[in-house]
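Labels below follow one simple rule: chain letters A, B, ... track the order of the sequence lines, proteins then strands, and each chain is numbered from 1.
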Amino acid sequence: MDHPNNQNIIGAIEAVLFVYGEPMEIKRIAKILKISESKIKEVLQQLEQEFSIENRGLKLIFSDSPAGERVQLATKPEFVSIIESIIKEESKDNLTPATLETLSLIAYLGPLSRAQIDFYRGVNSSFILRALLMRGLVERFPAPKKANIYLYQPSFDLLKYLGISKIEELPEYERYKSQIPSTK
Amino acid sequence: MDHPNNQNIIGAIEAVLFVYGEPMEIKRIAKILKISESKIKEVLQQLEQEFSIENRGLKLIFSDSPAGERVQLATKPEFVSIIESIIKEESKDNLTPATLETLSLIAYLGPLSRAQIDFYRGVNSSFILRALLMRGLVERFPAPKKANIYLYQPSFDLLKYLGISKIEELPEYERYKSQIPSTK
Amino acid sequence: MYQLTLQQFTGPIEKLLELIEEKKLPVAELSLAEVTADFLNYLKTIKEVEPRILADFVVVASRLLLIKSKSLLPNLELTEEEERGIKDLEERLRRYQAFKPAINLFKKTWEQKGYSVSRPLFHGRPPVFYPPKDLDVKILHSAVNSIFETLKQLSPEVQTIELSAISLEEKIKEIIKRLESGIQQFGKLTKEKSRSEVIVLFIALLHLLRDQIIKAEQKQGFSDIIIEKHGSSK
């Protein structure tokens, strides 16, 4: 942008996230707007603050990936009943015991490998993980420097279902996160 | 809404228009929010004013229709070149494994529902299907007798690009088509 | 849709912890010995409903049996590996116990009414035909072929799991039959059996012991277990 100041960078980011719809890497936003990543991060914080005002219906959702932090624009959870009257969202059904067990582990302790999840549960988790991937509640990335090993972490859809902006907003997140899992 | 004040009505309208995407009749917004049409109009004016501030990237577009006045949420015109560059960049993406996998499934086994594609791939395919639709490589139509389920098939443009006149001309088409693994 | 029934079961660690907590016991070797019978009973119910996950429960059951045997036979010497196995089970239980409240917190958050909704990619924009440069029929053909190959590999995985879930009931019957045919040493029963079969046989043995269908005796650690039917010659 020609004369970037924080004000019109905010507007540009809002426009980009609105049109793109899906989670977008902050690195990519920086490239598109030809502004440094650190500047984008600073402005995103400002935008987040502006969204926190009561008269805004939207919010930002953040999550990390091996390719860097990503951000997505979404509605605030409190407007869900109004939204449900215009679109048919896939229903947020109850979770089965095995799904709940696996999903909680990934949410609080992720990214985790399948071996780590198996270790906690004492049972082979490949079917459950496949089902969670298919429902789009978790996402996976190849583990750095390890062939054929994937790490599982909460997806943006999961964060949206939970009505939180980032995984750290889960109740008592820090307390459980510090129980670092062993790979044995 | 339970205790509507101008502030959270603005937020609610923003959320509704954000999700709906298309022009929406003011009458319908009034019905969804259970607030009088005149009140909605008043709040929309307030919202329009807020959008006019420099740090907003969105604006309201009003239009008339036989069913009454409509309003749509859209990006401000000054961001049009940025938006176009994202769309162009997104389409430039070369043949990623996900694109190829999904496209070959739809070509050989289509028409397929999203659930079927998810099953074959073992991961959620909503994003990739949306991307294929945007690039005109596949098209979708409502599944007969099933509400809210779409079936995906190769687009006519794709066949032309592949240099075939019908999908059956793909190598070994019958072989794969006939042994569709059960989705059990 | 067996995956659905599969999802009704938590892992064996969760189950074991539940049994211990039901009895208000601490996570310790003695508590594990205490709940062994309950765990074996649960194993039986899973076997009926979902044999495919039995194998993982059998592994835990075999450790419990070791602990139980140790508590019953104080002279029983365990190998280093077995000792490590017991410590490992305790460690897992402690970990799980420490994490368990987080599952409830997660559940509560999930069940909250509100959730956020986002927009699909380029919502409302018309499609523009933009084919990938190197796309052709050959590439599509080889892609579909490799998907089918992967799917083929998936099915045997299911079969292996089923195979390893050896029926407990079968083994119980086998022991009774063998006893009737005169075999009395556990060592002979387990001859040329796979490791997992031996474990199931041992569980079966304990079942029979508990239900007082048989008597068993081990003269000293590592010596063979001599089995006899109760009220023999019946």
Side-chain angles (χ1 to χ4, degrees), chain A residues 18-23 59 61 72-81 83-84 87 89 92 94-101 103-105 107-109 118-128 130-131 156-157 159-165 169-173 175-176 179 181-182 184, chain C residues 1-18 50 52-57 59-60 63 88-89 91-96 98-125 154 157-158 160-161 164:
Chain A
F18 175 84
V19 169
Y20 192 67
E22 295 284 333
K59 64 183 282 195
I61 296 175
Q72 183 177 31
L73 195 55
T75 57
K76 283 184 183 167
E78 55 259 43
F79 296 115
V80 69
S81 55
I83 302 295
E84 275 176 339
I87 52 152
E89 267 292 294
K92 189 166 111 175
N94 286 332
L95 299 171
T96 62
T99 310
L100 182 64
E101 196 182 26
L103 214 44
S104 313
L105 283 166
Y108 275 94
L109 307 180
D118 287 354
F119 179 78
Y120 259 91
R121 302 185 59 225
V123 70
N124 184 311
S125 305
S126 44
F127 285 115
I128 295 289
R130 192 178 150 90
F156 272 84
D157 279 351
L159 298 181
K160 283 182 275 172
Y161 271 137
L162 295 171
I164 59 180
S165 308
E169 283 179 15
L170 276 175
E172 298 185 63
Y173 178 82
R175 182 177 152 200
Y176 292 101
Q179 302 178 13
S182 121
K184 201 184 67 158
Chain C
M1 290 295 279
Y2 73 81
Q3 288 193 28
L4 286 183
T5 45
L6 201 65
Q7 291 183 10
Q8 296 308 321
F9 295 90
T10 55
I13 302 291
E14 153 71 25
K15 187 64 208 178
L16 191 52
L17 186 62
E18 194 188 307
E50 192 42 82
R52 286 168 194 85
I53 56 169
L54 187 60
D56 294 303
F57 278 80
V59 173
V60 171
R63 293 219 170 125
D88 172 73
L89 185 59
E91 163 70 15
R92 284 172 177 224
L93 280 166
R94 267 190 217 106
R95 257 177 207 285
Y96 201 97
F99 183 73
K100 211 173 161 184
I103 299 180
N104 284 322
L105 290 173
F106 182 88
K107 189 166 182 255
K108 269 194 205 134
T109 315
W110 174 272
E111 284 166 357
Q112 273 169 13
K113 209 177 126 276
Y115 57 86
S116 294
V117 177
S118 59
R119 286 159 57 92
L121 180 73
F122 299 131
H123 191 30
R125 306 244 156 197
L154 255 178
E157 193 182 324
V158 178
T160 329
I161 292 173
S164 60

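- Contact count against chain C (heavy-atom pairs under 4.5 Å) is highest for A/L95 among A/L95, A/L159, A/I61, A/I164.
- Between A/Y161 and C/Q112, every side-chain heavy-atom pair lies at or beyond the 4.5 Å cut-off.
- One finds no salt bridge joining A/R121 and C/E14 here, because no Lys/Arg side-chain nitrogen approaches an Asp/Glu carboxylate oxygen to under 4.0 Å.
- Looking at C/K113, the atoms closer than 4.5 Å to chain A (heavy atoms on both sides) sit in the backbone and in the side chain alike.
- Salt bridge annotation for C/E18-C/K15: present, with a cationic side-chain nitrogen under 4.0 angstrom from a carboxylate oxygen.
- Cation-pi geometry between C/R92 and A/Y120 is not satisfied (NZ or CZ under 6.0 Å from the ring centre, within 45° of the ring normal).
- Most heavy-atom pairs under 4.5 Å with chain C, from the set A/V123, A/L170, A/D118: that is A/V123.
- Across C/F57 and C/G11, no two heavy atoms sit closer than the pair CZ-C, 3.8 Å.
- For a residue to count as touching a neighbouring chain, one of its non-hydrogen atoms must lie under 4.5 Å from one of that chain's; by this rule A/L105 touches chain C with backbone and side chain alike.
- Only the side chain of A/Q72 comes within contact range of chain C, with at least one heavy atom under 4.5 Å from a heavy atom of that chain.
- Judged by distance alone, the side chains of A/K59 and A/T75 never bring a donor and an acceptor atom under 3.5 Å apart.
- Contact of C/P120 with chain A is made through the backbone alone, with heavy-atom distances under 4.5 Å.
- Checked by atom type, the side-chain pair A/K76/C/S116 shows no donor-acceptor distance below 3.5 Å.
- With a 4.5 Å cut-off on non-hydrogen atoms, A/F156 does not touch chain C at all.
- Residue A/L73 touches chain C through its backbone alone, counting heavy-atom pairs closer than 4.5 Å.
- Considering only heavy-atom pairs separated by less than 4.5 Å from chain C, the leading option among A/G163, A/P23, A/G122 is A/G122.
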